[in-house]
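So the structure is just underneath, and the comments pick up after that.
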Amino acid sequence: MKDDVILSVKDLVIKFNLRGRILTAIREVSLDIFRGESLAIVGESGSGKSVLVKSFIGLLDENGWIDSGKIIYKGTDISQYKSEQDWLKIRGREIAMVFQEPMTSLNPLKTIGSQIKETVILHSRLRSKAAKRKSIELLEDVGISQAEKRFTQYPHEFSGGMRQRVVIAIAIACNPSILICDEPTTALDVTIQAQILDLLKYLKVKYNLTIIFITHDLGVVANIADRVAVMYAGDIVEIGKSEEIFYNSQHPYTWALLSSLPQFAEKGKFLYSIDGMPTNLFNDIEGDAFAPRNKNALKIDYVIRPPYFSISPTHKARTWLLDKRAPKVHPPNSIKELHKNWRGNH
Amino acid sequence: MKKESLLEVKNIKVEFGTNRKNKIVAVDGVSFKILKGESFGLVGESGSGKSTIGRAIIRIYDLADGVILYKGQRISGKISKSLDIDITKKIQMIFQDPIASLNERAKIGYIVSEGLYNTKYYISDEDRKEKVIKALLDVGLFPEFASRFPHEFSGGQRQRIGIARALIMEPELVIADEPVSALDVSVRAQVLNLLLELQDKLGLTYLFISHDLSVVRYITDRVAVIYKGKILELAKTEELFEKPLHPYTRALLSAIPVPDPRREKNKKIEIYNPSCHDYSIDKAEWVEVGSGHFVLANKKEIKEYRRILFS
């Protein structure tokens, strides 16, 4: 079951042209996504998490391109797709996306119903009455009560949480296999956020979805993810099962990310914070991109890019610290506390 | 030692809309005190009125009712010009969005000194420049930045500029409205550290408005929970998080995502239903149920809350 790879990214490089300067946003990323899992991609702004998933549905900005590498979806290399027609076979039908802002992803001039129906008609053989029936079903599925009445209302008559439900309904309208959620709960209040996360878990089972979840909120990750990929400077620096990342993290950047959370800080004491500036992706990066900000960086970190070291069959990290010859480096105290929860090989 | 109160908000009410038909009561009978040197948190969901309270204190919004006292002196309603200038200096604000809150066409030096210009709080241009340099250094920026424009800076640096702009007035009370909500995790940690450091160094008092409960727990000493324009519960921060009494507070705290997969996957979320209160005969009052722990409740509920608090 676990071997059932639905989407496979191989040595993907994505570049952008910004006023004549070339920026490498994704640096040789390889990633297997398994059918039916929920994978969270975490990282700070500019780490490339949104760019990576946008390349799965051909939504890179016009100045960006896939420079090399493959994206294999159900046996086809979709990174070769050029025309909009090609992408329409994938986008929505196979891989759908929910964006962050529920306010801007709906058209304020059209009724909720017509916006869902539009998608249903575009992607299926259903017509008018049947399409309407299907749309109302979808609204009920995402937990909107009095769906028939709500069908004729406009976006401004919906609250933020309700709008996000509608956006999710549109995304699942054509039974996609993969649902990408790009910070879907960031703009919402905590109580609403919890409801949306529950909804996604329910839909995942009902519609047999594979979910890719992009967020910088590690609390949300803990809630929803089976596996977590940590991105830094256009690269996946650590990936593993959720428990492996939270309770047995190995990469210094993952440590830094977790330690800077106020939840793990002692009151009145300073929060752990990462020194220095994020890596400049216009430059060629030699060695480990995180090295200049890592107090425990080794000499080799500045010279050779670390390979992945396996910690378990499901857990690997790109850091020289895991090399046999590396000196023993202890994680910060807050991480040690977290590691106490680790039960090891299970 | 009992700390003196710096700011006192008494029974304030803020309304929007002119006529009776579309009048909205955004803040309804809110009272609290902020003690000198503490960090006081105001948490609630969007539309609860938390930002409106902050804006009423710096007198962007007029009060429909109630009074705001600063060091015992009334600062709401009509006040003298000299008091007005004085209060403008003493109470400063930091905003949420570091991109929208800085004038794109002005240099940092101007943005930071705008408050000085408005209140003529400088002797000569030399003096003004010196103050700008000091404010920039205080927030960990270089003095050279004064001649640059906002677009040259990252989100975290912009937020520092926003803080420098408030500090240059040498305020006593700083109202921080979601100051770190738009920032990344690691930058958020830097800005929170800066706020703590400045409080220590300059003896600032903070009113910290946020919907991010984990940040509020980390930074504040006391916290008030606001829902639909009313404060439902107020207590020392740790006590509120350990022993939340009001069902809304409990629901809100239960919904915070915890960065711990085992706990997060097994947690139970409570849902608040306002109709669980029966205030038809036994009316709700603002009562101190434990030392410094206030809650809005009727007699029957108070009994129950006291039982929970002292068990």
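In what follows, chains are A, B, ... by sequence order, proteins preceding strands, each numbered from 1.
Heavy atoms closer than 4.5 Å to chain A are found nowhere in B/Glu270, neither backbone nor side chain. Contact of A/Glu266 with chain B is made through the backbone alone, with heavy-atom distances under 4.5 Å. Only the side chain of B/Leu213 comes within contact range of chain A, with heavy atoms under 4.5 Å apart. For B/Val258, the part sitting under 4.5 Å from any heavy atom of chain A is the backbone (N, CA, C, O) and nothing else. Heavy atoms closer than 4.5 Å to chain B are found in the backbone of A/Tyr272, but not in its side chain. Neither the backbone nor the side chain of A/Ala256 comes within contact range of chain B; no heavy atom of the residue lies under 4.5 Å from a heavy atom of that chain. For chain B, the nearby part of A/Lys269 is the backbone; its heavy atoms alone come within less than 4.5 Å. Interface remark: B/Leu192 contributes side-chain atoms only to the contact with chain A (heavy atom separation under 4.5 Å).
No side-chain donor from either of A/Thr319 and A/Gln250 sits under 3.5 Å from a side-chain acceptor of the other. Residues A/Ser260 and A/Ser273 have side chains that never bring a donor and an acceptor to within less than 3.5 angstrom of each other. In this model, no donor atom of one side chain and acceptor atom of the other lie less than 3.5 Å apart for B/Tyr305 and B/Glu233.
With chain B as the partner, the residue from A/Asn223, A/Leu218, A/Ile224, A/Val220 showing the most heavy-atom pairs under 4.5 Å is A/Asn223. The most heavy-atom pairs under 4.5 Å with chain A, out of B/Val215, B/Ile269, B/Asp260, come from B/Asp260. Heavy-atom pairs under 4.5 Å with chain A were tallied for B/Gly47, B/Ala189, B/Ala251; the largest tally goes to B/Ala189. Per-residue counts of heavy-atom pairs under 4.5 Å with chain A were compared for B/Gln190, B/Glu238, B/His211; the largest is that of B/Gln190.
Side-chain atoms of A/Asp189 never come within 3.5 Å of backbone atoms of A/Thr191 as a donor-acceptor pair (strictly under, hydrogens ignored).
A salt bridge links A/Asp235 with A/Arg318: the distance from a Lys NZ or Arg NE/NH1/NH2 to an Asp or Glu carboxylate oxygen falls below 4.0 Å.
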So B/Asp138 and B/Lys201, salt bridge (Lys or Arg N to Asp or Glu O under 4.0 Å) or not? Walk me through it. CA-CA 10 Å; B/Asp138 270 345; B/Lys201 200 164 106 185; 2.9 Å; yes

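Annotation: cation-pi geometry satisfied between A/Arg21 and A/Phe282 (NZ/CZ under 6.0 angstrom from ring centroid, within 45° of ring axis).
Each of B/Thr249, B/Val43, B/Leu232 was scored for a side chain to side chain contact (heavy atoms under 4.5 Å, CB included) with B/Tyr227, with one residue passing: B/Leu232.
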